[in-house]
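Structure record follows, encoded as structure tokens.
Counting convention: from 1, in listed order, for ligands and their atoms alike. Keep in mind that this is a model prediction, so the values were computed, not measured.
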Amino acid sequence: MNSSNTPADLSGRKVAVPGGTGAVGEGVVRAYLAAGADVVVPTRTQERAEEFRRVLGEAATDRLHLVVHDYTTFAGAEQLADEMERRLGGVDDVVAPIGGWWAGKPLWEIDEADWQSAFVDLATAHMAVARAFVPRLSPRGAYVLVVGESAVTPIPGSGLVSMEQAALSMMRQVLAAELAGRQRVFTLLLGPVATRLTETGEPDQVTAGQVGDVAVAASAAKEAGREIRMRGRAEADAALALLRDPRPAGTGPVLAVSTMEPKRERRDDLVEVLAELAEQIRAEPGCLHYSVHRARGEDDGRLLVIQMFTSIQAFSEHSAKVAGQIPRLGALLATPPEPPTLFERLPLGDDTATEHLPA
Ligand SMILES: NC(=O)c1ccc[n+]([C@@H]2O[C@H](COP(=O)([O-])OP(=O)(O)OC[C@H]3O[C@@H](n4cnc5c(N)ncnc54)[C@H](OP(=O)(O)O)[C@@H]3O)[C@@H](O)[C@H]2O)c1
């Protein structure tokens with residue numbers, strides 16, 4: 001296992017990066033080369049190949065295999081995968097930062113040419129690469145899709161991008177369900193990225209290099225595939241730290257669940273106190289979630305309290321803070337308040353769940 005700031009050593013790994021010549025792809029290619037991997041970058045034109053070699057400069061070592069080849073059709077992707085197996089002896093990982101940005105029209109103004117280029121061509125390229133490479137990946141490898149935040153947030157005037165990126169996001173989920181743990185499939189969901197093509201990066205923007213570092217860490221990690229959101233630097237740093245140094249059991253977020261049985265006709269008073277406490281508890285730095293529930297359709301009776309804290313330490317600090325409130329709550333309860341039952345999350349095959357419960 002890596003310590004949290006040591007880059008992985010992927011010497012001997014064979015990695016394909018279709019779309020690697022692009023703005024985001026450059027960071028991915030550099031990161032895998034720096035990690036010692038053999039990196040295959042297909043590109044559809046000779047000019048693009050030459051330009052990309054110039055862009056990489058000294059980073060273009062003999063472990064970079066830049067090939068002019070159309071990988072965006074089913075047959076083309078299949079040929080590329082065959083050739084990679086023949087020449088390098090197999091495929092371990094694929095990272096697919098294929099495609100770019102499109103903007104300009106609301107959906108009702110697009111024509112067939114827009115639809116073809118911004119949706120069909122890109123979706124076809126991703127599908128072609130996935131179907132050719134996924135069955136050939138080695139068990140230690142990972143398939144990493146790169147998408148934008150537009151996959152989950154509609155951007156007026158860029159609807160085709162949102163729709164195509166949402167389709168890719170679902171493609172990962174379908175692949176993960178169909179593979180049932182046999183291969184790891186990740187999505188890196190990015191906000192705007194600072195790249196060689198951007199004039200000035202905002203300080204909080206993720207860089208193409210960070211995208212590469214997270215992809216490398218996902219390849220090297222043992223953890224199941226999932227969606228990794230990195231819409232700003234803080235999320236990217238957190239994702240990288242977690243991939244490089246997964247927390248051992250018992251140190252992750254804690255879910256605290258308790259029930260309260262109000263005295264007859266005192267439930268409204270109890271809810272009032274809980275509402276007042278909710279504000280303080282949600283403001284605690286370690287609190288991820290606090291909610292109170294009643295049985296569906298019941299105006300009286302038991303309440304269920306669900307709280308989530310970043311760690312057991314944060315939960316202990318919270319318990320100390322609210323200890324003074326117990327007599328006040330106890331006065332409204334039919335049975336003495338019980339300490340909550342604590343739960344921690346089990347790592348499941350495809351851990352796609354959102355990080356937090358909705359607040
Ligand atoms: N740049 C950002 O700020 C940003 C932000 C969020 C998400 N993303 C996501 O990151 C991925 C890559 O974006 P990018 O900015 O690096 O794009 P880019 O600079 O345009 O590069 C994309 C690469 O994809 C390849 N490609 C294959 N089929 C293509 C097609 N039909 N149209 C366009 N390119 C095609 C091209 O490689 P060849 O021509 O060499 O074959 C190209 O170099 C996309 O999924 C994008 O949504 C980017």
Side-chain angles (χ1 to χ4, degrees), residues 16-31 39-56 64-74 76-77 80 94-103 113-130 132 143-153 155 158-169 171-172 186-202 204-212 214-215 227-233 235-236:
V17 190
T21 57
V24 173
E26 179 196 343
V28 172
V29 172
R30 283 182 184 277
V39 184
V40 173
V41 181
T43 175
R44 293 164 299 164
T45 63
Q46 184 65 38
E47 300 72 54
R48 197 96 168 126
E50 286 164 14
E51 181 205 332
F52 189 57
R53 197 173 280 284
R54 266 197 306 278
V55 163
L56 286 185
L64 171 72
H65 309 273
L66 191 53
V67 290
V68 178
H69 179 83
D70 187 357
Y71 53 93
T72 62
T73 64
F74 281 25
L80 177 69
V94 172
V95 185
I98 302 170
W101 188 243
W102 174 91
D114 297 324
W115 175 246
Q116 186 66 36
S117 66
F119 192 101
V120 178
D121 289 353
L122 288 175
T124 304
H126 275 282
M127 193 61 236
V129 170
Y143 195 97
V144 183
L145 279 156
V146 178
V147 303
E149 199 180 355
S150 58
V152 290
T153 308
I155 315 267
S158 287
L160 293 184
V161 179
S162 283
M163 289 163 65
E164 187 259 338
Q165 301 275 289
L168 295 181
S169 172
M171 184 166 99
R172 187 204 74 76
F186 292 87
T187 318
L188 307 187
L189 191 141
L190 317 175
V193 181
T195 71
R196 68 177 189 267
L197 303 180
T198 45
E199 303 269 299
T200 49
E202 296 294 321
D204 183 45
Q205 258 181 19
V206 170
T207 64
Q210 284 175 309
V211 178
V214 170
E227 178 184 278
I228 297 176
R229 293 194 177 197
M230 32 193 303
R231 292 161 296 179
R233 289 219 181 164
E235 281 187 350

Nearest neighbour in protein (non-hydrogen) for [atom]:
atom                    : answer
atom 10 (O) of ligand 1 : V146 CG1, 3.5 Å
atom 7 (C) of ligand 1  : G148 CA, 3.4 Å
atom 8 (N) of ligand 1  : L190 CD1, 4.2 Å
atom 42 (C) of ligand 1 : R48 NH2, 3.5 Å
atom 16 (O) of ligand 1 : V24 N, 2.8 Å
atom 20 (O) of ligand 1 : G100 CA, 3.7 Å

[atom1] of [X] to [atom2] of [Y]: how many Å apart, nearest 0.5 Å?
X    : Y    : atom1 : atom2 : value
E164 : I98  : CD    : CD1   : 9.5 Å
M230 : L189 : CE    : CG    : 10.0 Å
Q165 : S158 : CD    : OG    : 10.5 Å
T45  : E50  : OG1   : CD    : 9.0 Å

Min N/O separation [X] to ligand 1 under 3.5 Å:
X    : value
T195 : no
Y71  : yes
S117 : no
T72  : no
A23  : yes

Indicate yes or no: does E235 engage R233 in a salt bridge with an N to O separation below 4.0 Å. no

Q165 heavy atoms within 4.0 Å reach ligand 1 at atoms 45 (O), 47 (O)

Within 4.0 Å of some non-hydrogen atom of V147, the atoms of ligand 1 are 7 (C)

Report yes if some heavy atom in the side chain of [X] is under 4.5 Å from a heavy atom in the side chain of [Y]; otherwise report no.
X    : Y    : value
L190 : L188 : yes
D114 : L160 : yes
L66  : R53  : yes

I would like to know whether R229 and E227 meet salt bridge (Lys or Arg N to Asp or Glu O under 4.0 Å); could you show each step before the answer?
-> CA-CA 6 Å; R229 293 194 177 197; E227 178 184 278; 2.5 Å; yes

Counting heavy atoms only, which of [options] is nearest [atom]?
atom                    : options               : value
atom 13 (O) of ligand 1 : P192, P42, G25, G99   : G99
atom 21 (O) of ligand 1 : G22, P18, A194, G19   : G22
atom 3 (O) of ligand 1  : V193, L122, V120, I98 : V193

- Task: With salt bridge (Lys or Arg N to Asp or Glu O under 4.0 Å) as the test, would you mind laying out the steps for E26 and R196 before giving the verdict?
- Result: CA-CA 9 Å; E26 179 196 343; R196 68 177 189 267; 3.0 Å; yes

Tightest non-hydrogen contact, residues Y71 and A128, listed as O-CB, 4.2 Å

The answer for which part of R44 has a heavy atom under 4.0 Å from ligand 1 is both

- Is there a heavy atom in G191 that sits closer than 4.0 Å to ligand 1? yes

